[in-house]
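Chain naming here is simple, since letters A, B, ... match the order of the sequence lines and numbering starts at 1 in each.
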Amino acid sequence: MIEIYLFLIFMIIAAVIAIEIKNLLAAAIAVGAVGFSAAILFIILQAPDLAIVQIVVEILTVIIFVAVIFRTTDIDKTVGKQLTSMQILGIVFYGFFALLFIIISERILNTLPPFGSPIMKVAGEYIKLGLPKVGGTNIVADIILDFRGLDTLGEATVLFTSAIGVLAVMRKAGRK
Amino acid sequence: MLIFISCIILFLIGLYAVVAKRNLLKIAIGFCIMEYAVNMLFALIGFKSGAIDPVITKVDMPHNFVDPLPQALVLTAIVIGVGTTALFLSFIVRIYEKFKTLDVSEIKKLKG
Amino acid sequence: MGGMSLIVRRITEIVCGFIFMYGLYIILHGHLTPGGGFAGGVIIAGSLILRVLAFGSGTESERMLSKRIPKLMSVGLLIFWGAAFTGLLMAGIFFLNAPIFGLGTPFHLLSAGLIPICNIGIGINVAAGLFSIFLAFAAVKYFMEE
């Protein structure tokens, strides 16, 4: 229980460092710290599928960020500059919105079951029917490929589309 | 309860970077952090204390599993997240090649 | 991007194949153990990325890969769509899984109907997609150059 709080606090500190530091390379490393502590938390929360994916995806994200910083610049020149009036207006609106968001989400989260005892009305059916109806012993694989297969079909198509988009934006041929 | 609120705080930190920062790479980092916060919230909601991960190893074992449904939703969302982040970053590279700056307000000024 | 020193290259030659095989294992046992198409595809992409980072991005094999990888991505997605349409063609229900091939005995590699085929399709799609994203960012000098 205490270790979940520790890792969440570490994630919050690393996130604040990532968005406030002047050196962009250090900011990319701080994003890596947030992602890796998320991976460790997934192991603590009994989700090994998520932990495997999150670790490798986090390495890939940091590599892509570093490649972009090599191709652009590594100093954030906007840190410590004079704030414009539009920006101050944005921060004030953000403050109002954040207060409102915390109050509303506090009310909504009170209606959820407390931490550690989910309702599992739908998931109970999935767990009961997983082995006899689908045949796979990994319940998560049963859900993403059979009970909710259309969802996964759409997401694989979205990944394909975004990869094609990256190739179309970054390629050299046809560019003057 | 407090554990869910800390996820909300992480989400708001990411939202602050998106709203108030002027560097494009900082905005991309803010999107990443918001994504992690939402994934964490889903995984925390599905946790059941004293349960094991949802993999059947014997035919007649007791079904004392954590909630597998949020895990299935988050599993696809993680991989989609890296794809969309990469698309965002490719646009940033092209914007830097054209304007030689990452500052959003200067890009607005240069356009005229 | 240049390559790295001799020690890194030798270690990469030894380790890279094992990482690739581990990814294949994760994909093929996706319906039995934690993992599946997404996790295994990401691991295979990681092994290929390790190879490019160690050997530099000007090698002949890497140039050949960069022409074929985007096509492979489409092949993976088509396998997945084909597995989804099999149920529609044979029984009239989209994504019908169990009654076509039978469930097999549980806890065996060939069980769970169409799920292993779907896992293989997703694995190819994810591995090729993430590796081509990496190539587009890190090795852009040789990427898609006519």
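A/Ala141 approaches C/Gly30 most closely through the heavy-atom pair CB-O, 3.5 Å. Closest approach of A/Leu167 to C/Ala136, counting heavy atoms only: CD2-CB, 4.0 Å.
C/Cys118 contributes atom SG, which lies 8.5 Å from atom CG of A/Asp146 (distance to the nearest 0.5 angstrom). Note that CG of C/Leu135 and CE of A/Met170 are 11.0 Å apart. Values are rounded to the nearest 0.5 Å. Distance check: A/Leu159 CG to C/Ile133 CD1 gives 6.0 Å after rounding to the nearest 0.5 Å. A/Phe70 CZ to C/Phe137 CZ: the interatomic distance, rounded to the nearest 0.5 Å, is 14.5 Å. The distance from atom OG1 of A/Thr137 to atom NE2 of C/His29, rounded to the nearest 0.5 Å, is 10.0 Å.
Looking at A/Leu150, the atoms closer than 4.5 Å to chain C (heavy atoms on both sides) sit in the backbone and in the side chain alike. For A/Val66, no part lies near chain C; criterion is any non-hydrogen pair under 4.5 Å. Both the backbone and the side chain of A/Leu145 come within less than 4.5 Å of a heavy atom of chain C. For C/Leu77, the part lying under 4.5 angstrom from a heavy atom of chain A is the side chain only. Residue A/Ala163 touches chain C through both its backbone and its side chain, counting heavy-atom pairs closer than 4.5 Å. Heavy-atom distances place no part of A/Ile59 under 4.5 Å from chain C, backbone and side chain included.
Atom CD1 of C/Ile14 sits in a crowded spot, with more than 12 heavy atoms from other residues, nucleotides or ligands closer than 6.0 Å. Residue A/Lys128 qualifies as open at atom NZ: its count of foreign heavy atoms under 6.0 Å is 12 or below. For A/Ile119, the CD1 atom is loosely surrounded, since the number of other residues' heavy atoms within 6.0 Å does not exceed 12.
Proximity of A/Asp49 to C/Phe38: side-chain heavy atoms (C-beta onward) are nowhere separated by under 4.5 Å. Looking at heavy atoms from C-beta onward, C/Leu53 lies in side-chain contact with A/Ile63 at the 4.5 angstrom threshold. In this structure, C/Ile115 and A/Asp142 have side chains that are in contact, with non-hydrogen atoms separated by less than 4.5 Å. Contact of the C/Phe80 side chain with the A/Thr152 side chain is registered, since non-hydrogen atoms from C-beta on lie closer than 4.5 Å.
Between chain A and the residues C/Thr33, C/Ile26, C/Ile122, the most heavy-atom pairs under 4.5 angstrom are made by C/Thr33. When each of C/Gly36, C/Ala45, C/Ser74 is scored by its heavy-atom pairs under 4.5 Å with chain A, the top score falls to C/Ser74.
A/Asn138 contributes no side-chain N or O that, together with a main-chain N or O of C/Leu32, makes up a donor-acceptor pair within less than 3.5 Å.
Shown are A/Ile52, A/Val57, A/Leu60, A/Ile55; of these, the side-chain contact (heavy atoms from CB on, under 4.5 Å) with C/Val42 is made only by A/Val57.
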